[in-house]
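The structure under discussion appears below in the form of structure tokens.
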Amino acid sequence: MAIIENGRTKYIPQQFERKWQDRWEEEGLYRAQDFSDKPKYYLLDFFPYPSGDGLHVGHSKQYVGTDVATRFRRMRGDNVMHPMGWDAFGLPAENEAILQQIPPYENVPKNVANFKRQLRLQGISYDWSREINSSEPDYYRWTQWLFLLMFKRGLAYRGIGMQWWCPQCKTILANEQVENGYCWRHHDQLVEKVALEQWYFRITDYAEELLESLNHLSWPERIILMQRNWIGKSTGADITFQARDAQGVEYPIRVFTTRPDTIYGATFMVLSPEHPLVDVLTTEEHRARVTQYQQQAARQSEIERLSAEREKTGVPTGGHAINPFTNKEIPVWVADYVLMSYGTGAIMAVPGGDERDWEFAKKYSLPIVRVVEPPSPTEGSDDVYAGIGVMVNSGPYEGMQSEDAKSRIIAELEQRSVGHAATNYRMRDWLVSRQRYWGAPIPIVYCESCGIVPVPEEDLPVLLPTLEHFEPGEDGRSPLALDPDFVNAPCPKCGGSGRRETDTLDTFVDSSWYYLRFCSPHDDQAPFDRTAVRYWCPLDLYVGGAEHAVMHLLYFRFFTKVLADAGLVEFREPAPRLLNQGTMHAPDGKRMSKSKHNVITPDSVAEQFGADTLRGYIVFMSPYTGDAQWDPQGINGIHRWLGRVWDLCQKPARKSADREPQAEELKRWVHKTIKRVTADMESLEFNTAVSALMELTNALQRLRPALEGSEAWGWGVRSLLTLVAPIAPHITEELWHSLGHQRSIHLESWPTYDDALTLDEVVTVVIQVNGKLRDRLEVPRGTEMQSVQEQALASKRVQPYVEGNQIVKVITVPDKLVNIVVR
RNA sequence: GCCGAGAUGGCGGAAUGGUAGACGCUCCGGUCUCAAAAACCGGUGGCCGCAAGGCCGUGCGGGUUCGAAUCCCGCUCUCGGUACCA
């Protein structure tokens, strides 16, 4: 320790931070105890993928914040669980392994070790005894078990369909993983459509509950909104139109519409190019054009669909259908603005009431009938109007309000058996199979005589073989398909020869239940111990980036609901409270990334300033939920502050008695600060908590000459240290021990305050004339406002503005302000 | 296009109807030093003024109020989400 003068030392964090990190871990300070009389608090960070790039200070923004909250909660007396684990399966790990020519089963542990080292050097207080890794058999064994649970409950099924294929990932993607037609991992890679048989989870069975219970979550509004939009519920009706082919054979075309009230305006129908009835209804004279259109749509639909204001295209089939309400024959067209994947893949087109249909009708000169009049007729009558209003051209419904007509028309549909009320969701089932190596094998065997056979629970895990060649092929088959030892397996049912499923599970399956595993991370009898889960879950606070708004957060809610229905958990929402930490940008304002060479690592900052300065700066620079930009200059402020805290705790030059009024002032400062910091910690507003602590530090420094060595002084310094402890755990621990304490400061109780002492004895009352500030008066708190008003009127600064004017009224707010209104 | 969030000094930000700019960064001046760095002390929204002090000021325009960064109406810009969902 560098001693500078008369026993005082200099703040050199590098000399002691490591020492405390090691000691905390040896003593198991942060181990969560299963079951306790204390209130439990389960705080979880989103499951991170341990990238080979390691952590940068952007990650620290999240992890330091949750760590501060965790440490605060412990001092408040909660039994806290704050675990950490690794979302180690999946494409990023596999791609990285391929790039480095190291198999993922060797590369991942290396990366994990580096992540742990980086988290430790920041003084983050995880309970490492609960560490989990989704790519290890004792974890994915239970991921497979949960797949089987889905299978048993009829929620896992195989289906054929047009799927999104990313040529770079060389695998199928779920809908949620396609952004604007591009792969979510390769933002310049357009996805392609291929027809494949895949495994799905029936998440749509839960669409309604997933939507409804959003209303009861304490989540950021925009995340709730994004989920709501994703689920995309719409209500209306299913209606069947009768169509005829050239031979006069009738075929029903089922459509979904949100506006059954506009049915009298349905002047044509549109089928999506993939619709099965297209081939049937197309007449010979139109067949060539229709077939050509279908091929063209299949080939370029995704690229074309991206051009923003693309003109609609389509061709007539030559077939016709009957509008069941007007009884008129209407033409059936094919157009790619109707998607096979939504609703029924067919629509009734109402050009008078729908902008898209209107645009199409205009282009191809199809009839347009307005059936709903706007409340105030404005534009030309051939214009489209999609709102609600009064019914016209609608037979018996003429003159009715369109909303009333809607329910009556639905009733008529049902009565005539040509349709019924219906609800549609935009969300589709979750495609979970991936044609890649690095994931949990799907525990299924295909048997020639028994068909699809689940692997018995007692035979789990289906081990992922340690392949030397794990690169994905070009043929859409998993590398596992090339390993005969893996593929060939006896049928669990009949013992005959079978083939294993060679696709692996989407990583989002792994992360859909990890929060449960932390409750009993080493359980070898079940995915989780139900008693432990009953104690710890649901999460008290869940923190992560907004980029998982739809995918992970939807999937893990779905899993929880399935587990609840299976009687395995007793709650239906895993995370009633969720927070998104803001994003940290590099000093150049861009996103921090290795490829942009603008990464700032916690290692380099901690080496230069110490972990506490890093932590303090990260929480101080911007609100926790707000974005930030790393400013290499700004960190000096925190380092100076901690240096001042250090100095305050150095041996007093002398011993003295409490001196008034300074002792009283200090007392009020401390109580006031405890109140502010407690409130800020509770609401995770760490930036203002640091401000308050800096103010207390400054006050102590100012009062030092009068109070140093006194009882009040010692109490003030100890209070400061306990309040700073969650933010800067190392320096406070070091100083705490230097003050003679044996036990860790992190085992101290959070200080309490007396509300009466959080207010100053003297208050500043603001004197305004017509709302403009003219003077300030210092008066004892609680002074009668009548007397303050008199003093205000007597003030030399106030008088010039009052003299010669008539006082209309005087507004007073006790201990705050006097506003003299003159004319 | 639609939905959402936001705009406060040179910078990060504070204040959610009552002293705008807390707390920091930067910069300027001072102390210490042979000197520099570090540290410490003081100043730092703009304009006018020697000063006392005054005027202006929270994206823009209006409104409500004794009083508006804060509430209401209209607009501009920025960021995020979404994209033919019938």
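In what follows, every chain begins at residue 1, and chains take the letters A, B, ... in the order their sequences are listed.
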**Message:** By the 4.0 Å heavy-atom rule, please label A/Ser234 as base, sugar-phosphate, or nothing.
**Reply:** sugar-phosphate
**Request:** Could you work out the separation of B/G12 and B/C56 based on their C1' atoms and round it to a whole Å?
**Result:** 25 Å
**Request:** For each nucleotide in nucleotides 35-42 of chain B, reading 5' to 3', give B when a protein heavy atom comes within less than 4.0 Å of its base, S when such contact involves only the sugar-phosphate, and - otherwise.
**Result:** ----SSS-
**Pair A/Ile223-A/Leu217, side chain to side chain contact (heavy atoms under 4.5 Å, CB included): steps then yes or no** = CA-CA 10 Å; A/Ile223 302 288; A/Leu217 297 178; over 6 Å; no
**Request:** Using the P atom as the reference point in each nucleotide, state the distance between B/G13 and B/G74 in Å, no decimals.
**Result:** 29 Å
**Message:** Between C1' on B/C3 and CD1 on A/Ile223, what's the gap in Å once rounded to a whole number?
**Reply:** 14 Å
**Asked** Under the 3.5 angstrom rule, does the side chain of A/Tyr293 hit a backbone N or O of A/Thr313 as a donor-acceptor pair?
**Response** yes
**Asked** Just wondering, do A/Phe686 and A/Met681 contact through their side chains at under 4.5 Å, heavy atoms?
**Response** yes
**Request:** Encode nucleotides 13-21 of chain B as B, S and - characters from 5' to 3', where the letter depends on protein heavy atoms closer than 4.0 Å: B to the base, S only to sugar-phosphate, - to neither.
**Result:** SS---BB--
**Item:** B/G53 phosphate, OP1 or OP2, under 4.0 Å from A/Arg797 side-chain N/O
**Value:** yes
**Prompt:** Which one is paired to B/C27, where only Watson-Crick or G-U wobble pairs with both distances under 3.5 angstrom count?
**Reply:** B/G43
**Request:** Please report, rounded to the nearest Å, how far the C1' atom of B/C84 is from the CD atom of A/Glu311.
**Result:** 14 Å
**Message:** Please name the nucleotide paired to B/C32 by Watson-Crick or G-U wobble geometry with both distances under 3.5 Å, or report none.
**Reply:** none
**Request:** Have a look at A/Arg774 and say if it touches a base, only the backbone sugar-phosphate, or nothing, with a 4.0 Å heavy-atom cut-off.
**Result:** sugar-phosphate
**Message:** Taking any heavy-atom pair under 4.0 Å as a contact, classify A/Gly634: base, sugar-phosphate, or nothing.
**Reply:** sugar-phosphate
**Request:** Would you classify B/G9 as syn or anti? Syn applies when the glycosidic angle is within 90° of 0.
**Result:** syn
**Item:** Side-chain (A/Arg259) to main-chain (A/Gly387) donor-acceptor, under 3.5 angstrom
**Value:** yes
**Request:** Taking atom P in both B/C60 and B/G9, compute the distance separating them and give it to the nearest angstrom.
**Result:** 10 Å
**Message:** For a 4.5 angstrom cut-off between non-hydrogen side-chain atoms, does A/Leu700 reach A/Arg704?
**Reply:** no
**Item:** Aromatic ring pairing A/Phe360/A/Tyr337, orientation class (parallel under 30°, perpendicular over 60°, tilted between)
**Value:** tilted
**Prompt:** Counting only Watson-Crick or G-U wobble pairs whose two distances fall under 3.5 Å, which nucleotide matches B/C2?
**Reply:** B/G81
**Rounded distance in Å - OH (A/Tyr801) to P (B/G53)** = 10 Å
**Message:** Can you measure A/Glu274 atom CD to B/C84 atom C1' for me and round it to whole angstrom units?
**Reply:** 14 Å
**Request:** For B/U76, give its Watson-Crick or G-U wobble partner with both distances under 3.5 Å, or none.
**Result:** B/A7
**Request:** In whole angstrom, give me the gap between the C1' atoms of B/U26 and B/C11.
**Result:** 7 Å
**Asked** Rounded to the Å, how far apart are A/Ile807 CD1 and B/C66 P?
**Response** 17 Å
**Asked** When you compare B/G42 with B/C25, how far apart are their P atoms, in angstrom units rounded to a whole number?
**Response** 13 Å
**Asked** Contact class for A/Tyr617 (heavy atom, under 4.0 Å): base, sugar-phosphate, or nothing?
**Response** nothing
**Asked** Going by atom types only, do A/Tyr342 and A/Ser272 share a side-chain donor-acceptor pair under 3.5 Å?
**Response** no
**Asked** Quick check: does any side chain N or O of A/Asp815 sit under 3.5 Å from a backbone N or O of A/Gly782, one acting as donor and the other as acceptor?
**Response** yes
**Asked** With both distances under 3.5 Å as the test, what is the Watson-Crick or G-U wobble partner of B/G53?
**Response** B/C48
**Fill in**
Whichever of A/Asp631 and A/Lys312 has the more 5' nearest nucleotide on RNA chain B, that residue is A/Asp631
**Prompt:** Is there a donor-acceptor pair under 3.5 Å between the side chain of A/Asn687 and the backbone N or O of A/Val619?
**Reply:** no
